[in-house]
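A short worksheet on the structure shown next.
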There are 2 protein chains.
Amino acid sequence: LVELVDVQRHYQQGDELVRALDGVNLQIEAGEYVAIVGASGSGTSTMMNVLGALDRPTSGTYTLDGTEVSQLGDAALSAVRNRAIGFVFQSFHLLPRLDAVGNVELPLGYAGVPRADRRVRALSALQRVGLSDRTTHTPSQLSGGQQHRVAIARALVTEPRILLADEPTGALDSDTTQQILGLLAGLNAAGMTLIVVTHDTEVAARARRVVRIKDGRIVSDGPSATA
Amino acid sequence: LVELVDVQRHYQQGDELVRALDGVNLQIEAGEYVAIVGASGSGTSTMMNVLGALDRPTSGTYTLDGTEVSQLGDAALSAVRNRAIGFVFQSFHLLPRLDAVGNVELPLGYAGVPRADRRVRALSALQRVGLSDRTTHTPSQLSGGQQHRVAIARALVTEPRILLADEPTGALDSDTTQQILGLLAGLNAAGMTLIVVTHDTEVAARARRVVRIKDGRIVSDGPSATA
Ligand SMILES: Nc1ncnc2c1ncn2[C@@H]1O[C@H](COP(=O)(O)OP(=O)(O)OP(=O)(O)O)[C@@H](O)[C@H]1O
Ligand SMILES: Nc1ncnc2c1ncn2[C@@H]1O[C@H](COP(=O)(O)OP(=O)(O)OP(=O)(O)O)[C@@H](O)[C@H]1O
Ligand SMILES: [Mg+2]
Ligand SMILES: [Mg+2]
């Protein structure tokens, strides 16, 4: 379903070249549950941005469901992202002037879902992350973990084939973390492909495969301890 | 050193009253190392904002080093914050147009520290959080954990008497977390008062006292398991 071949992502920083990704080869089948683990600065978010078609590699290819993503124009890329991919960003990227339900409805709007259906589905997604009593709060009226859960709900509301989650439990206490992990496990059992960056060994343990990244390269790729 | 008496912090949300803090009484002595633990939405950040003099309670008093903070005007409050308190925000609040060293120098500028000294001290703070090779990167050119560490360095650069850290290791892998916890332990041993909100039991274990918050109230307050 997802294939990265020899992916490089470089940044020129003054006279220094930062190799955020330095030759990444990765294949993920539909329905897998993969944890991506790496130290701070190792390249995990950069890899997620390439997988989410939000960033183009400096070199190498990204093939999603048979289509080479680098060949797509912006409009086609946007449509692919909206239909196939749900993304939980490490820094959430909620719209400050929309309340929780407004933020969660947004991808449904882009997908052309009728207004009444958008609201019902957004409220249902918020209920699944435990935020039914915060739907009319804007991001600044929400705690860090509540904002995190709005971002998760927004990523799930379109029922994407692939969920890319960059540190989905970073701002959550352990009970809420377990609640979210249970939700994700259920979605994966129902067929959703999950690719999750995490620093939390407990989150990585829930995945069936662990890919370790160091200095922009994959250094190990195998079954998780609990697989 | 720090005393909250009967602190309430309410928000009117339409026809609902949100009691983010619902009668908090807390005393912390100079040199203590306190972890504040609570579920997502329990009121920990709200409490930190009151302690950091960034938010005034709806009712109740906050006394810092003998001065009742609610009596101070904005200028006096600003000066107290700059001199006495270092704050690591849950969402970092870095300035997007300044690079790492520029962000870390900022509180030294407000404190009137001469330009050359500011740079030396900022670079030293960045070195202590392992970011010597990222000093000229702006926040968007940094990973999540690197941004987090810039926020930590900025909070420490003025050598404040009190460090308020709201989830200081949330975006960090375990090795970097240990590095930061070691840094904090050393500063506490040298006399800095540490008040740390955390969801991470490993971080709470490093503190000597744990205060648990639920629904805006303190439900327990005692020695940490490892104290
Ligand atoms: N401006 C506001 N208006 C209305 N409600 C608010 C506002 N700010 C915070 N709240 C509510 O107050 C409660 C406490 O928020 P706070 O940010 O202190 O939680 P927290 O303990 O830091 O949670 P987390 O661990 O998720 O960061 C939350 O339920 C939140 O929704
Ligand atoms: N725009 C940029 N310009 C220069 N360097 C960058 C840029 N974006 C990221 N980097 C660097 O690329 C490296 C990888 O960044 P990335 O965000 O992928 O790390 P990460 O694995 O997600 O880290 P974390 O766990 O801290 O979030 C980092 O060292 C970072 O400083
Ligand atoms: Mg990252
Ligand atoms: Mg908080």
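Chain naming here is simple, since letters A, B, ... match the order of the sequence lines and numbering starts at 1 in each. As the structure is a prediction and not an experimental result, all values here were calculated from the model.
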(request) Taking heavy atoms only and a threshold strictly under 4.5 Å, list by residue number the residues of residues 121-149 of chain B that touch chain A; give 'none' if the list is empty. (result) B/Arg134, B/Thr136, B/His137, B/Gln141, B/Ser143, B/Gly144, B/Gly145, B/Gln146, B/Arg149
(message) Looking at A/Arg119, I want to see if its CZ is surrounded by more than 12 non-hydrogen atoms of other residues, nucleotides or ligands under 6.0 Å.
(response) no
(request) Anything in residues 85-108 of chain B with a heavy-atom distance to chain A below 4.5 Å? Please list those residues in order. (result) B/Gln90
(message) Is it the case that atom CZ in A/Arg217 sees more than 12 heavy atoms from other parts of the structure closer than 6.0 Å?
(response) no
(request) Could you tell me which portion of B/Thr176 (side chain, backbone, both or neither) has an atom closer than 4.5 angstrom to a non-hydrogen atom of chain A? (result) side chain
(message) When you measure from the side chain of A/Asp173 to the backbone of B/Ser40, do you find a donor-acceptor pair of N or O atoms at a distance under 3.5 Å?
(response) yes
(message) For A/Tyr11, I'd like to know if atom OH has over 12 heavy atoms of other residues, nucleotides or ligands within 6.0 Å.
(response) yes
(request) Give a yes or no on whether B/Arg209 atom CZ has more than 12 heavy-atom contacts from other residues, nucleotides or ligands under 6.0 Å away. (result) yes
(message) Report which part of B/Val18 has an atom under 4.5 Å of a heavy atom belonging to chain A: side chain, backbone, both, or neither.
(response) side chain
